[in-house]
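Data block below; observations after.
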Amino acid sequence: MTVTTISSASNRVPKVPLFVLAGAIAIGLVLMLPLDGYTVSIIMQAATYAIAVLGLTVVLGYAGQITLAQAAFFGLGAYSLALGTLDLGLSFWVALALAVVVSGAFGAILGLTSVRLGGHYLAMVTISFQQIVTLVLTNWISLTRGPDGIAGIGRPSILGRELTSNVDYLIFSIVVLTLVIISVWKLKSSRLGRRMEAMRDNEIAASVTGVNVYLTKVISFTICAVLGGLGGALFASGFSYISPDQFSFAESIVFLTMALLGGVHSVIGTALGTLLLVLLPEMLRFLRDIYLAVYGLAVILIMIFMPDGIWGFVTLLSDKLFHRIAARRASAPLKLAKNETPSSAPVLEVETLSKHFGGVKALDNMGMTVSANEIHALIGPNGSGKTTLVNVLTGLYKPTSGNIRFNGETITGMAPHALAARGLARTFQNIRLFRSMTCLENVILGAQRPGNDLTPDGGNAEARALAALAFVDLLDRADDLVGDLPYGHQRKVEIARALAASPRLLLLDEPAAGLNSTEKQQLVELLQRMKALGLTILVIEHDMPLVEQVADHITVLNFGERIANGTPAMVLRDQLVINAYLGETHVHAAT
């Protein structure tokens, strides 16, 4: 199948050579312009600060995790380099590595112990960590010299050239900043970066597509701390003096403001916000006594009228004014991984499964078997436990008792990402998509799930995602933001994301909910085409005409218990099912 479509904003993302060119231009201006020592120091401060603020782009912009302790990591890096070179006699480069390791280790520890909290609780923990670091730097006088600070911090030597000149060191800082910008920018489009953004948009959906949410949060905190430590180390060497007051909680607020002001989701925005916040006070000093008030007012107005930051506003304006086109092609039809289970053997076995919420028995000794290459429907009245069952099967809930086997392996109580790695995929009754991403980016997350035999190690994930979108007839919307699609198309994107993961079993939670009659018939055809590919499907659905068209087998729940199980012809005429769910009207209409 070959289709052409319109491109997205992702095609307007700047490429690496542009960052290199920008860095080269900045270095050229530093060499050509007659900059005085004060100006060089201000730009040096902006460059080292920007490295630390780029850490917030990773943890807050990409991963959606709040931290108010970046100045603490900045300080840990600065003090590690200073003490490493002065007290331990290490070379600059060894001390720089030590600074990165120390700050990264503290970032990992903070992440491991606190990221399960989330929200304002996480913010409070990071504030406490920041305060602890400030107190230690101030009061551990025998190590840190206390409030007096540390002076005489050395600078590096590169190819035998000592960077004693401020201009030379500024050029070195710009080079490092450029490399960091490129690294953080490339991270966004990497497998890890997509996982971070998926987690930021919807943790539950990310987990069932194979993202280890906890590990991803810890990694994002660690990267943030590493960049904070790197920036702090370069700051300490550049200014040759550090003291605890330079790494206080107030500085963490400044770092956060820099990220938000420029646009925390973009490396360009982060660098722009840092530069602006460092330079703006200097530019306004001619206002004398009121310059700080004007500076504060300018920041407030930008934050109010540009909630996505300056670069976010520029990007939004660009999207409205320009719309570039590019070709999108599905190079091959969608293929699914072959289910190794023999057609006579069950794919899924549920035995005496119970899930209790206090005194409420959402599931009670429920049993069910799903055979290979069939569409198995799960029906029942509202509150009968259908969605609870799917949540237990996909690891979102832990069962109270019972056993679950998938392809012969016991999976009871496994985490969602571990189940996804074994080929268990699902959609949701209330659509859960990554709304800051395009349709293609959403589906790539599915293609990159661990254990996907058709895209090992995430290779060729884009091609597989395009094939999945073509399969659900949405290739022409591949580069549109998923939030811009109508409801029915969003349903298809969620199904395409699950298909791209090459599932052994696909669980569809009320896929027809909210669809009109035409879209429901398209769903019927889609389900039949998925079955033709050899896919085993468990579908929860209230739409009985749809169930009757597609189901090979039906299980009926009522008050958490199974009341019927068998072929559609048998189940739909079972008097218990008629009394509990269908009613006589449906039976008469069917006969």
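Keep in mind that the numbers below use all heavy atoms, side chains included, and drop hydrogens, waters and symmetry copies. Given the structure is predicted, the values throughout are model-derived calculations rather than measurements.
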Within-4.5 Å side-chain heavy-atom neighbours: [X] and [Y]:
X: Asn407; Y: Arg422; result: no
X: Val136; Y: Leu143; result: no
X: Phe434; Y: Arg194; result: no
X: Leu485; Y: Asp480; result: yes
X: Phe247; Y: Thr134; result: no
X: Leu260; Y: Phe255; result: no
X: Asn430; Y: Asp509; result: no
X: Tyr62; Y: Ser220; result: no

Non-hydrogen atoms of [X] and [Y] that approach each other most closely:
X: Ala447; Y: Ala461; value: CB-O, 3.7 Å
X: Thr85; Y: Ala95; value: CG2-CB, 3.6 Å
X: Ala72; Y: Gln130; value: N-OE1, 2.9 Å
X: Cys224; Y: Leu56; value: SG-N, 4.1 Å
X: Ala233; Y: Ala99; value: CB-CB, 3.9 Å
X: Lys355; Y: Pro399; value: CD-CA, 4.3 Å

**Q.** CA sep, side-chain torsions, deciding dist, call: Thr394, Arg426, side chain to side chain donor-acceptor pair (under 3.5 Å)
**A.** CA-CA 8 Å; Thr394 53; Arg426 70 167 293 180; 3.2 Å; yes
How far does [atom1] of [X] sit from [atom2] of [Y], to the nearest 0.5 angstrom?
X: Tyr214; Y: Asn212; atom1: OH; atom2: CG; result: 9.5 Å
X: Thr209; Y: Asn442; atom1: OG1; atom2: CG; result: 9.0 Å
X: Leu234; Y: Leu230; atom1: CG; atom2: CG; result: 5.0 Å
X: Lys492; Y: Glu494; atom1: NZ; atom2: CD; result: 14.0 Å
X: Cys439; Y: Asp484; atom1: SG; atom2: CG; result: 8.5 Å
X: Leu122; Y: Thr67; atom1: CG; atom2: OG1; result: 7.0 Å

Any donor-acceptor N/O pair, [X] side chain to [Y] backbone, under 3.5 Å:
X: Gln45; Y: Ile43; result: no
X: Lys398; Y: Gly413; result: yes
X: Arg497; Y: Leu499; result: no
X: Lys188; Y: His265; result: yes
X: Thr412; Y: Asn403; result: no
X: Arg464; Y: Lys335; result: yes
X: Thr144; Y: Leu137; result: yes
X: Tyr121; Y: Arg116; result: no
X: Gln131; Y: Ser128; result: no
X: Ser80; Y: Gly77; result: no

What I want to check is whether the side chains of [X] and [Y] have a donor and an acceptor closer together than 3.5 Å.
X: Arg405; Y: Thr410; answer: no
X: Arg435; Y: Gln490; answer: yes
X: Ser436; Y: Arg200; answer: yes
X: Thr48; Y: Ser173; answer: no
X: Ser502; Y: Asn452; answer: yes
X: Gln70; Y: Ser252; answer: no

Q) Is the Phe129 to Phe73 ring centre distance short of 6.0 Å? A) yes
Q | Aromatic ring proximity Tyr49/Phe74, centre distance under 6.0 Å | A | yes
Q) Is it true that atom CZ of Phe106 has more than 12 heavy atoms of other residues, nucleotides or ligands lying nearer than 6.0 Å? A) no
**Q.** Other residues, nucleotides, ligands: >12 heavy atoms within 6.0 Å of Trp93 CH2
**A.** yes
Q) Hey, mind stepping through Ile223 and Leu192 against side-chain contact (heavy atoms from CB on, under 4.5 Å) and telling me if it holds? A) CA-CA 12 Å; Ile223 295 173; Leu192 175 60; 4.2 Å; yes
Q. Name the one of Leu276, Thr274, Thr270 that satisfies side-chain contact (heavy atoms from CB on, under 4.5 Å) with Met258?
A. Thr274
Q.
With side-chain contact (heavy atoms from CB on, under 4.5 Å) as the criterion, how do Trp185 and Ser183 come out once you've worked through the C-alpha distance, each side chain's angles and the decisive distance to 0.1 Å?
A. CA-CA 5 Å; Trp185 173 75; Ser183 299; over 6 Å; no
Q | Audit row: Leu98, Leu81, side-chain contact (heavy atoms from CB on, under 4.5 Å) steps and yes/no | A | CA-CA 7 Å; Leu98 176 66; Leu81 182 117; over 6 Å; no
Q.
Is there a salt bridge (Lys or Arg N to Asp or Glu O under 4.0 Å) between Lys217 and Glu203? Walk through the geometry before answering.
A. CA-CA 11 Å; Lys217 287 181 179 180; Glu203 287 190 15; 2.9 Å; yes
Q. For Arg432 and Ile204, what are the C-alpha separation, side-chain angles and deciding distance, and is it a side-chain contact (heavy atoms from CB on, under 4.5 Å)?
A. CA-CA 8 Å; Arg432 289 183 178 272; Ile204 292 177; 3.6 Å; yes
